[in-house]
2 protein chains.
Amino acid sequence: MAQAVRLGDEELTARQQDVLDIALSLLVEVGDKLTMTGVARRARCSKESLYKWFGDRDGLLTAIVQWQAAKVRSVPVGPQRMSREALQSHLEQFAFDWLKVISGDISVALNRLAITHAGPLSNLGTTVLMNGRFAVGQRLKPLLKAGRGAGLLHFSDEEEAFRTFFGLVIKDVQIRLLLGEDLVLSETDVVRDAKRAVEQFVTLYGVR
Amino acid sequence: MAQAVRLGDEELTARQQDVLDIALSLLVEVGDKLTMTGVARRARCSKESLYKWFGDRDGLLTAIVQWQAAKVRSVPVGPQRMSREALQSHLEQFAFDWLKVISGDISVALNRLAITHAGPLSNLGTTVLMNGRFAVGQRLKPLLKAGRGAGLLHFSDEEEAFRTFFGLVIKDVQIRLLLGEDLVLSETDVVRDAKRAVEQFVTLYGVR
DNA sequence: AATTTACCGAACCGTACGGTACGGTTCTGT
DNA sequence: ACAGAACCGTACCGTACGGTTCGGTAAATT
């Protein structure tokens with residue numbers, strides 16, 4: 001038996017992980033027209049295996065989302081001593097990474113998928129929300145609190161501060177991409193936008 | 001022949017307008033599971049008429065979006081003399097209205113629909129973008145420029161100023177709603193958020 | 001070697017839905 | 001009053017796709 005990786009309550013063999021990667025790339029190409037037959041053909045596996053592994057189509061889609069989410073988890077920033085420059089630099093790095101992810105093909109495809117199947121029937125929307133906006137909040141808030149602890153930031157409600165950071169960084173980028181606008185963000189664009197967002201955030205929440 | 005209303009290159013009879021309203025309400029209920037048979041049954045018309053009037057399913061969806069967009073157009077604000085209080089009040093009103101629309105069932109349903117069918121094949125995404133984000137920009141920018149003309153605001157790039165306003169007002173509300181989160185915004189919530197967004201915007205772009 | 005397990009490929013089934021055809025009915029204009 | 005257009009309701013067709021079944025194959029297990 002090949003190496004298995006735990007994911008939620010399931011464990012995935014290497015083969016199944018490969019299939020999920022292939023299915024994800026296919027999803028990026030064809031969007032919601034992703035079909036079980038198509039996945040099977042591209043992954044050179046049988047539909048029977050897909051149903052055996054993932055239950056049904058919704059199970060496959062959920063597995064794709066969770067598998068991608070598991071890959072994205074990154075290291076949390078520790079609440080170390082914060083200089084003003086270090087805080088600014090961390091925030092810029094954060095904004096940069098986030099913008100990069102949000103504007104990537106994979107993020108757009110997964111968010112489209114989850115939005116399409118949003119509703120009480122499927123939990124895809126919840127999953128994407130938890131692994132997207134929520135997870136980012138969990139990683140940013142310690143940084144904000146460290147900044148406040150060092151006397152560099154001032155805010156009473158960390159959730160509200162985070163949501164403002166969200167707005168300043170993402171602006172209208174995500175909705176425009178989701179609606180299909182051909183918006184190309186060069187590396188320098190992203191760097192500039194991230195810097196400006198942090199600058200504005202510090203203007204609003206910075207001390208002195 | 002009943003009264004006809006021009007819409008794009010088409011003109012719609014009163015009956016067709018009724019059908020579009022009914023189709024829209026059905027869309028809000030069932031989302032992307034909207035079916036031609038369902039529309040025909042709810043609207044008490046024949047499928048044949050639907051196809052005669054709107055061509056195909058995509059034509060019906062496009063007509064729904066355009067019909068709603070035509071109803072939403074509101075009066076532009078004139079570039080009158082601006083006091084600081086008047087500008088602030090106008091911006092707050094603007095933010096309030098916008099948040100209200102974005103968080104409404106109809107906006108969520110139409111944006112979901114357009115995102116689902118985004119891509120080079122259908123222009124639904126473009127239509128929603130043009131009548132949503134773009135139209136709002138066209139209405140807000142004169143207000144911003146009037147504020148700048150009165151020496152109350154400072155910015156070099158009005159597009160950038162608008163996008164910042166967008167981020168501060170909408171924050172994560174739209175994406176959370178699109179992903180199916182059961183987010184209830186009371187009237188007082190919206191008022192408070194709109195005020196805070198304008199306050200922050202003025203902090204960033206206000207003079208003195 | 002025999003048996004079990006896991007898988008592939010392909011054929012197959014059921015159904016939902018987009019789109020069309022057609023007979024009957026109401027509306028409209030002369 | 002009458003003709004014709006517009007429309008309703010429904011039956012029907014074709015297809016795409018989710019899901020199932022089955023025969024064949026190769027590797028692992030006993």
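Please read all numbers here as calculations on a predicted model, not as lab measurements. Scope of the values below: all heavy atoms of this structure, side chains included, with no hydrogens, waters or symmetry mates.
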Side-chain N or O of B/S49 closer than 4.0 Å to phosphate OP1/OP2 of D/dA6 = no

inquiry  = Less than 4.0 angstrom between a side-chain N/O of A/R44 and OP1 or OP2 of C/dG9, yes or no?
reply    = yes

task = Indicate for each nucleotide in nucleotides 10-27 of chain C, in 5' to 3' sequence, whether protein heavy atoms under 4.0 Å reach the base (B), only the sugar-phosphate (S), or nothing (-).
result = -------SBBB-B-----

inquiry  = Any side-chain N or O of A/W53 below 4.0 angstrom from OP1/OP2 of C/dA6?
reply    = no

query = Should B/R192 and B/D189 count as an ion pair when the cut-off is N to O under 4.0 Å?
reply = yes

remark   = From CG of B/D18 across to C1' of D/dA6 the rounded distance in Å is 16 Å

Check: A/L12 main-chain N/O paired with A/Q17 side-chain donor or acceptor under 3.5 Å = yes

query = A/L50 CG to D/dT21 C1': how many Å, rounded?
reply = 16 Å

Under-4.0 Å salt bridge between B/K71 and B/D21 = yes

task = State plainly whether the residues B/E158 and B/K141 are in salt-bridge range, i.e. N to O under 4.0 Å.
result = no

Return all side-chain donor-acceptor pairs below 3.5 angstrom for residues 170-181 of chain B, not counting sequence neighbours, or 'none' if the list is empty.
residue: B/K171; atom: NZ; partner: B/L168; partner atom: O; Å: 2.9
residue: B/D172; atom: OD1; partner: A/R163; partner atom: NE; Å: 2.8
residue: B/D172; atom: OD1; partner: A/R163; partner atom: NH2; Å: 3.0
residue: B/D172; atom: OD2; partner: A/R133; partner atom: NH1; Å: 2.2
residue: B/D172; atom: OD2; partner: A/R163; partner atom: NE; Å: 3.4
residue: B/D172; atom: OD2; partner: B/R176; partner atom: NH1; Å: 3.1
residue: B/R176; atom: NE; partner: B/E181; partner atom: OE1; Å: 2.9
residue: B/R176; atom: NE; partner: B/E181; partner atom: OE2; Å: 3.3
residue: B/R176; atom: NH2; partner: B/E181; partner atom: OE2; Å: 2.7

task = Send over the distance from B/R15 CZ to C/dT28 C1', rounded to a whole Å.
result = 17 Å

query = Salt bridge between B/K100 and B/D97, side-chain N to carboxylate O under 4.0 Å?
reply = no

